[in-house]
Amino acid sequence: MSLLFGTAEFNEKDHLVIGGCDTTELAEKYGTPLFIYDVAHIREKARGFKRTLDELGIKNKVVYASKAFGCLAMYKLLEEESLGCDVVSGGELYTALKGGMTPANIEFHGNNKLKSELELALDSQIGMIIVDNFYELELLEELTTAKGVTQDVMLRVTPGVDAETHDYILTGQVDSKFGFDVNSGQATKAMQKVVAAKGLTLKGIHCHIGSQIFSSEGFLVAVERMVAILEEWKADYGYTAEVLNMGGGFGIQYTENDTPLEPEKFVQAIVEAVKGQCSLQDYPLPELWIEPGRSIVAEAGTTLYTVGSQKEIPEVRHYVSVDGGMGDNIRPALYSAEYTGLLANRISDRNMENVAVVGKYCESGDILIKDIKLPEMVSGDLFAMTSTGAYGYSMASNYNRNPRPAVVFVENGEDKLVIRRETYDDLISLDCE
Ligand code: LLP
């Protein structure tokens, strides 16, 4: 089975081609490490979510979680595709606005939004603030009163769902730093406070149960609990929600071991559950919002590295070092994430051996892929690591003072630099002598 996604293919030179662009030529033009995004694939994923929701006949909004990957060009692309975006910091918000996102299509998340960030959000008239805690709620009340404005908000609640994924990317469980707890009554108290607040309009509730989730079960339990909360609020307090936001978290395939549901299937299951629960409880069907991040950009991204040194320890391991590593992809070191890849410049070479692909950082844990079968490589070969489009560049660092890579968008045979490679001068640009 092939893990080549989107428009990826081989050409007659035996080179990997993405978006109609020969990756060896991209490496020559932009250098490596290089993030390459297949724009057609991003569009297809974005449209897929929207189409499925529309076909299921429910009012909806697809809000891309831009922490997965954001830059001016990405926000511009979202705007072209009429997607909303979720931002989680003043920096993301600033970039989204500069990238031309319609403010009304931006929603703001976070468990400790700064006063300055909330002010920027209010002054920019963004569409939605997802209130996470009482501190934020009070700050927002103060700020909206002081500014004489009204802001649409949702409450983030933790429905108490333990989805099956890595602990660090699990968020819907009771013991979480995010959101209002339901069982202890926090969520209901928050609802009452917002409803009473003059400058705030409560549009509904939000939950996000985790990330890289493979099956719909957790979502179904979450829907049941969310609709139960809404029903209780309607019965006891006469509050009816317009929007139910079920967050993101739809898993993708990094390696052959990953078997996530198709995005459409996730959406279908969620919509059916929402419709089912609402009709069971006789609750007016709310608008359904989802916040996919990874599932829109992960498979569209490929990181191109140049092979350098190699070390073979007989009977133990063969290390192949590339010119990037944990600075451009922290996920293997942080979450034991598994990836795969291929030789971009001799793609059909079948003279395979087992190797470990490692980075150039001064850490033994800087291992990109622990065990992979690849053709014998020589320095200068190009290794393409696939499905790196989510939480790769966005979590990149300058560890060891390595400059961060360039990012290029490719589509219909054209390449466009969207983030330039950092220079050594960039690295010292913030230093004061
Ligand atoms: N909505 C909320 C409120 C979130 O917190 C997140 C992700 C998303 C949506 C998007 O989730 P996605 O569809 O991308 O799974 N750095 C980790 C992932 C952290 C996810 C944080 N929140 C990783 O590399 O796996």
Side-chain angles (χ1 to χ4, degrees), residues 42 45-46 48-49 61-70 74 78 83-89 92 106-113 128-133 136 154-159 161 163-173 176-180 204-216 218-219 222 226 243-254 258 260-261 263 266-267 270 288-301 303 326 328-339 368 385 387-397:
I42 299 178
K45 290 288 167 188
F49 278 115
K61 194 161 179 178
V62 180
V63 183
Y64 167 68
S66 64
K67 72 202 84 171
F69 173 68
M74 183 65 204
L78 296 173
L83 251 61
C85 79
D86 130 24
V87 297
V88 291
S89 69
E92 280 186 0
I106 302 177
E107 54 164 58
F108 192 10
H109 266 293
N111 67 303
N112 190 23
K113 302 178 188 80
M128 187 67 66
I129 297 181
I130 317 274
V131 180
D132 196 275
N133 51 69
E136 178 185 341
M154 276 186 218
L155 292 177
R156 177 166 183 167
V157 303
T158 42
V161 174
E164 269 178 44
T165 187
H166 193 286
D167 278 359
Y168 288 3
I169 48 180
L170 192 66
T171 44
Q173 75 282 23
S176 162
K177 73 167 181 170
F178 298 106
F180 294 96
I205 54 175
H206 166 281
C207 73
H208 172 76
I209 58 173
S211 199
Q212 185 59 356
I213 294 169
F214 282 6
S215 82
S216 59
F219 286 101
M226 297 293 274
V243 183
L244 175 61
N245 186 333
M246 291 303 298
F250 316 121
I252 68 111
Q253 194 179 28
Y254 286 99
D258 299 331
L261 265 190
F266 271 116
V267 172
I270 293 173
L288 176 65
W289 290 19
I290 54 168
E291 299 171 337
R294 188 190 317 265
S295 49
I296 288 187
V297 285
E299 293 166 0
T303 314
M326 66 194 298
D328 56 77
N329 192 347
I330 191 67
R331 300 193 69 259
L334 192 57
Y335 313 115
S336 309
E338 290 182 358
Y339 285 87
L368 288 171
M385 194 154 135
S387 294
T388 58
Y391 306 106
Y393 190 89
S394 67
M395 293 178 83
S397 77

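Note that ligands are numbered from 1 as they come in the structure, with each ligand's atoms numbered from 1 the same way. What you see is a predicted model; the values in this text were computed from it and never measured.
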- Note on the structure: In ligand 1, the atoms that come under 4.0 Å of a heavy atom of Ala65 are 8 (C), 9 (C), 10 (C)
- Query: Does any non-hydrogen side-chain atom of Leu244 lie less than 4.5 Å from one of Ile205?
  - Reply: yes
- Considering all heavy atoms, the nearest Ile130-Asn245 contact: CD1-ND2, 4.2 Å
- Message: Looking at His109, is its backbone amide N or carbonyl O close enough to the side chain of Asp132 to form a donor-acceptor pair, meaning the two atoms are under 3.5 Å apart?
- Response: no
- Taking Thr158 for its side chain and Phe180 for its backbone only, find out whether a donor-acceptor pair lies under 3.5 Å. yes
- Query: Looking at ligand 1, does any of its N/O atoms fall within less than 3.5 Å of an N/O of Arg156?
  - Reply: no
- Among Arg294, Met246, Met395, whose heavy atom sits nearest atom 25 (O) of ligand 1? Arg294
- Item | Ligand-side contact atoms (ligand 1) for residue partner Gly293, heavy atom cut-off under 4.0 Å | 12 (P), 13 (O), 14 (O)
- Message: Within ligand 1, which atoms have a heavy atom of Gly248 less than 4.0 Å away?
- Response: 9 (C), 13 (O)
- Check ligand 1 against Glu291 and write out every atom of the ligand that is under 4.0 Å from a heavy-atom position of the residue. 1 (N), 2 (C), 3 (C), 8 (C), 9 (C), 10 (C), 13 (O)
- Would one find an N or O of Lys67, backbone or side chain, under 3.5 Å from an N or O of ligand 1? yes
- Item | ligand 1 contacted by Pro292 (non-hydrogen, < 4.0 Å) | yes
- Message: With nothing but distance in play, are any N or O atoms of Gly210 less than 3.5 Å from an N or O of ligand 1?
- Response: no
- Task: Return yes or no for this condition: an N or O of Ser211 is under 3.5 Å from an N or O of ligand 1.
- Result: yes
- If hydrogens are left out, which of Gly249, Ala390, Gly392, Pro263 has an atom nearest to atom 12 (P) of ligand 1, that is, the closest non-hydrogen atom? Gly249
- Does any N or O atom in Ala68 lie less than 3.5 angstrom from one in ligand 1, N or O only? no
- For the residue pair Phe250 and Phe266, categorise the inter-ring angle as parallel (less than 30°), tilted (30 to 60°) or perpendicular (more than 60°). tilted
- Query: Between the main-chain N or O of Glu92 and the side-chain N or O of Ser89, is there a donor-acceptor pair closer than 3.5 Å?
  - Reply: yes
- Should Glu107 and Lys61 count as an ion pair when the cut-off is N to O under 4.0 Å? no
- Message: With respect to His206, determine whether any N or O atom, backbone or side chain, lies less than 3.5 Å from an N or O atom of ligand 1.
- Response: no
- Query: Honestly, is Arg156 close enough over Phe178, meaning NZ or CZ under 6.0 Å from the six-membered ring centre and within 45° of the axis?
  - Reply: yes
